[in-house]
Every structure is written in structure tokens, then in C-alpha cells.
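One-based numbering, in listed order, for ligands and for the atoms of each.
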Amino acid sequence: MAPSQIIPQHFPSLPQFSHFMKPSRFEGETNYLEVIGTIPPEVRGTFYRVMPDPHLPSRVEDDPWFNGDGNVSAFCFESGKVHFKQRYVRTEKFIKECKSGRALLGKYRNKFTDAIEFTVRTTANTNIVFFNGKLLACKEDALPYEMDPATLETIGLYDFNGQLPSLTFTAHPKLDPVTKEFIGFGYEAKGDGTPDICYFSVDPLGNFTDLVWLVSPVVAMIHDFAVTENYVLFPLIPHTCDLERMKAGGEHWQWTPNIPLYIGVLPRRGAKGSDIKWFRAPNAFPGHTSNAFEKDGKIFFDLPMGKKNVFFWWPDSQGNAPSPQEVACHLSRFIIDPSSDNLELQPAEILSSEDVEFPRIDERFLSREHSHAFFCLNDDTAPTIWPTVMAKMGGGHPVYNSIGRLNLRTRQFDKYFPGNKHLVQETVFIPRSSGAAEGEGYLLFLVNNYETMLSELHLVDTDNFTRPLAVILLPLRLRQGLHGNWVDDEDLKLARY
Ligand code: V55
Ligand code: FE
């Protein structure tokens with residue numbers, strides 16, 4: 001790709017840029033969204049979520065969904081009303097491309113294909129998390145960008161006041177609900193293709209208490225992780241990186257079916273890098289983590305897993321990848337003895353036969369034994385009118401038509417169906433009150449409506465799971481996003497000194 005390459009001023013006719021997936025590219029605000037039903041006044045706070053949303057046509061014709069610019073939506077719930085705001089993260093990439101009026105970034109996580117040299121080339125497009133008064137837009141290839149929680153203005157890169165030496169930071173940090181510690185890591189932490197992992201723990205005042213450098217057995221993607229009271233767990237997705245391939249203009253990631261699924265287990269406190277144990281299971285795709293906890297000296301680790309390459313747009317060395325329809329994930333449970341020297345894991349137990357991903361729990365139980373999990377669900381028994389949806393869907397993203405809830409004690413699985421021309425995005429769980437029982441509260445998620453080609457928010461009471469309490473209508477279409485979080489008004493006040 002020559003730096004002078006002429007880029008068309010329209011998006012290519014490819015699934016990831018078409019129909020509902022046509023970049024939304026909207027910034028601004030709309031107050032008093034239309035509400036059908038009622039929003040309980042005790043639902044007070046802001047739902048933040050982020051979507052990859054290319055602000056300009058890319059230099060790479062078949063650019064994957066994952067490479068779009070982070071565009072952050074905020075839905076502020078106040079006295080039963082909802083106000084909407086949306087703003088792109090002002091990354092170095094976004095700012096420089098705005099100035100030159102054309103795309104400058106090259107392929108996903110391949111700096112050798114860029115038109116110019118960036119200091120930081122992240123799109124900050126994967127998650128938006130709140131910790132200690134800071135709102136952080138995260139992508140795993142760089143440090144997060146801090147944003148103003150009220151205005152969504154970008155403040156700048158955040159390195160925990162100089163305490164984080166890693167070049168990267170996960171998009172899935174965890175908050176221990178008991179100790180209020182913030183736990184994170186970066187991988188490829190010393191640069192592209194390096195096996196170094198930087199694990200760290202931050203106290204509630206923002207001071208680092210643990211920082212451990214680890215070495216990964218393979219340079220593989222570590223998208224999500226899990227924490228228990230005393231351990232951290234790092235599942236490696238068997239997509240591996242090769243710097244030489246990148247220099248030749250190839251992909252950062254290649255599906256590698258001949259390596260095991262590694263799960264690194266490290267004590268959370270006071271550990272050295274050599275304390276990590278890399279447990280092994282047969283090759284598989286570990287998805288997002290649901291939760292992990294300790295019981296009877298063992299670690300229970302729950303996560304949806306797929307047999308096939310879920311990131312089908314990054315094929316194996318032969319160019320092989322499954323078709324999107326072949327990919328399915330089932331909630332699975334590893335039981336790990338952290339004291340064992342036998343690193344071969346027993347096969348994971350399949351906890352439910354439903355096809356699920358994007359697990360969420362009542363995060364007041366994160367790292368402790370939980371009894372409920374919520375998911376995006378692919379329910380092939382539901383009456384979705386697939387020809388209508390498929391014709392307008394675009395593509396290149398996961399497809400889920402329902403929300404699921406699994407009770408881990410009874411194994412009962414409940415389903416919420418948003419409508420027959422609708423798909424769902426990731427849900428968040430909102431406790432009914434700070435003292436409410438586990439799983440008692442509300443689910444809130446975006447719904448893609450393929451009849452109106454607009455977005456909606458559905459608010460569902462966990463006590464009446466099959467019907468929405470409120471449907472909140474947006475006057476615009478928000479393409480498929482990744483992750484988001486509910487931030488309670490009490491916590492948001494931390495940001496308003
Ligand atoms: C994921 C998403 C990313 C990424 C790496 O969902 C992994 C997984 C939106 O970007 O860069
Ligand atoms: Fe993720």
C-alpha cells in the first residue's frame with residue numbers, strides 16, 4: 001500500500017460496511033429518548049458502551065469490524081428518563097486522520113502497513129470501563145484513553161499516573177467487589193510479537209500493589225481473563241502472532257490448531273513471574289470469561305468455549321476458516337487444582353447446551369461463587385424471520401437473537417426474545433438495590449431492529465424475564481458494538497469532585 005494511495009470516499013460494498021453495519025459515524029446528543037413502558041426511578045446511572053465505527057473509509061478494502069474507530073455511547077438514566085450522547089475517542093489515529101482527511105492506519109495491529117508512523121495506533125474500540133472516577137476506553141493493543149464521563153471528551157492516554165510500564169492494557173480489567181481492587185494485565189506488553197505479559201493489581205485509591213512480569217509459552221491473543229479471591233487465570237486464544245509475517249504485510253493473527261489451549265494460573269498477591277503454571281487442554285477457542293471462584297481448594301473457571309475458530313476472518317496457515325454459521329460456543333467449566341504439578345487439565349464440563357457468548361454476571365459476585373449468568377443467545381427455536389434479518393444485517397460480527405439466563409444451582413435456562421426482526425447486543429446487569437439478592441434487578445441491552453433499521457434499548461426485570469419493562473427508542477442506528485458497563489450514579493459522583 002503506497003502512502004499516496006487514493007482511497008474512495010465511500011465504504012466498500014462488503015458485509016462489514018453494509019446495511020445495519022454501515023458505519024454510524026454519528027456524534028452528538030439527544031435528550032428525552034422515547035420510552036415505551038416505564039423505567040423505575042431507582043434505575044439511576046449511565047450505560048456506557050463502545051462500537052468499532054470507521055470514521056473514514058479504510059486503506060484496507062476488506063478491513064475487519066475489529067479495526068473500526070472506537071465510538072462511545074452513553075445512556076444517562078435519570079428520574080425515569082433517558083438521555084443519549086455519543087462521541088468518538090480522540091485517539092492519535094482519529095486526530096491525525098481528521099487532519100489529513102483520509103485514512104492513515106493500515107491493517108489490524110500491523111504497523112508495517114501504516115501510511116505514517118504513529119506513536120500509539122490503537123482505535124480504543126473494545127470496552128469502556130469505569131474505575132476510581134476514571135472512564136477508560138480500552139483496546140488490548142495499547143494503553144486506554146481516559147474520557148470525561150459527563151461530556152465524553154477525550155482526556156488522553158492513561159498510564160495510572162506512570163505506574164503501568166506495559167505498552168498494552170486489556171479491554172477486560174476486573175474489579176474485586178469485596179476488596180475493591182482493580183486487576184488488569186497487558187500482553188505483547190513489550191511490543192508486537194513479544195511473549196511478555198504484565199500483570200498488575202491496583203488498590204481502591206489507584207496505587208499499584210502488585211506488578212508481575214510473565215512470559216507466555218506462545219505469543220497468542222489473551223483477550224479476557226478471570227480472577228478468584230487468590231488467583232488470576234489467563235486463557236490463551238490459539239491465534240498466534242509472527243512478526244516476520246507482519247513485516248511482509250500479513251496478518252497479526254493466525255489460527256493455530258496444533259497448539260493446546262493454555263490457561264495460565266498465578267497467585268494474585270506477592271507472586272513472582274516464575275510462579276505461573278501453564279495448564280493445558282485440547283485446542284479450542286476460549287471465549288469471554290463468565291467468572292471464576294475457589295471452592296474446596298479448587299478453582300472453578302466458567303467460560304463459553306467453541307471448537308472452531310470464532311474469529312473466522314483470521315484463518316489458519318492454509319487459509320482455512322469456518323463459515324460464521326458453523327461457529328457455536330457452549331458454557332464450559334474447568335476445575336483446576338492450582339497446587340497440582342500435573343498440567344494436563346481434565347476435560348471441561350459443558351454446563352449448558354445453549355449456544356451463548358458475551359457472558360455477564362451480577363458483578364457483586366465477581367471472583368466469588370456465583371449462581372446466575374446472563375448471555376447473548378443464539379436460539380434456533382425462536383421465531384426470528386431470518387430472511388428479513390439476513391437481508392439487512394450486513395455481516396462480519398456475531399449474531400444473537402435472544403438473551404439467556406442460566407441458574408447454575410438448578411441449571412434452569414430462561415430466554416428473552418426481543419422480537420422477530422431483531423438481534424441483541426451484549427447485556428449489562430443492574431442490581432435492584434445495593435442490598436438486593438444475587439441476580440435480582442434489571443438487564444439492559446441494545447437491540448438492532450431490522451424492520452425500522454434503528455436501535456432500541458430493552459430494559460428487562462429479572463423477576464419477569466420474558467417481557468420488557470421498557471423499550472427505549474433511538475432516533476438512529478448504532479451498528480454492532482462490543483462491550484459496555486453500567487455505572488451507578490453513586491459511583492459516577494466519584495468523578496465529580
Ligand atoms: C476482540 C475485539 C477486538 C480486538 C480483539 O472481542 C479482540 C474480541 C474490537 O476489537 O481487537
Ligand atoms: Fe471482549
task: Give a yes/no on ligand 1: does F311 have at least one heavy atom closer than 4.0 angstrom to it?
output: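 So F311 counts as touching ligand 1.
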message: Checking Q254 now: which residues fulfil side chain to side chain contact (heavy atoms under 4.5 Å, CB included) with it, not counting sequence neighbours?
response: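 Only R245, S317 meet the side chain to side chain contact (heavy atoms under 4.5 Å, CB included) criterion with Q254.
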Which atom of H172 approaches the Fe ion (ligand 2) most closely (N/O/S):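 Nearest to the Fe ion (ligand 2) within H172's N, O and S set: NE2.
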field: Salt bridge flag under 4.0 Å for residues R333 and E349
entry: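 Salt bridge between R333 and E349, a charged N being under 4.0 Å from a carboxylate O: no.
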query: Salt-bridged, R90 to E153, with N to O below 4.0 Å?
result: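 Looking at E153 together with R90, the answer is no, because their closest N to O distance does not fall below 4.0 Å.
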- prompt: Quick one: which of Y108, W253, F358 has a heavy atom closest to atom 11 (O) of ligand 1?
  reply: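 Residue with the shortest heavy-atom distance to the ligand atom: Y108.
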Give the atoms of ligand 1, by number and element, whose distance to some non-hydrogen atom of [X] is under 4.0 Å.
X	value
N125	9 (C), 10 (O)
T126	2 (C), 3 (C), 9 (C), 10 (O)
E140	5 (C), 7 (C)

task: To the nearest 10 degrees, could you say what angle the Fe ion (ligand 2) makes with NE2 of H288 and NE2 of H483?
output: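 Answer comes to 90°, rounded to 10°.
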field: Identified ring-ring contact (aromatic ring centres under 6.0 Å, His included) partner of F311 from the options Y108, F66, W255
entry: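 It is F66; the other options fail the test.
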query: Taking non-hydrogen atoms only, is D141 closer than 4.0 angstrom to ligand 1 via side chain, backbone, both or neither?
result: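 Neither; nothing of D141 gets under 4.0 Å from ligand 1.
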Which protein non-hydrogen atom lies closest to [atom], naming both residue and atom, and how far is it?
atom	answer
atom 7 (C) of ligand 1	H223 ND1, 3.2 Å
atom 3 (C) of ligand 1	F66 CD2, 3.4 Å
atom 10 (O) of ligand 1	K139 NZ, 2.8 Å

- prompt: Parallel, tilted or perpendicular: which fits the ring planes of F75 and F47, with parallel below 30° and perpendicular above 60°?
  reply: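 Geometry flag for F47 against F75: parallel rings.
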- prompt: H483 to ligand 1: N or O pair under 3.5 Å?
  reply: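 It does not: no N or O of H483 is found under 3.5 Å from an N or O of ligand 1.
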K190 to W213, cation-pi by 6.0 Å centre distance and 45° axis angle: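 The answer is yes; both the distance and angle limits are met.
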- prompt: Which pairs count as ring pair (Phe, Tyr, Trp, His ring centres under 6.0 Å) when at least one residue sits in residues 173-195, sequence neighbours excluded?
  reply: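 Every ring pair (Phe, Tyr, Trp, His ring centres under 6.0 Å) pair that includes a residue of residues 173-195, provided the two are not neighbours, is F131-F182, F185-F225, F185-F234.
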field: M390, CE atom: more than 12 neighbouring heavy atoms under 6.0 Å
entry: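 Not more than 12 within 6.0 Å, no.
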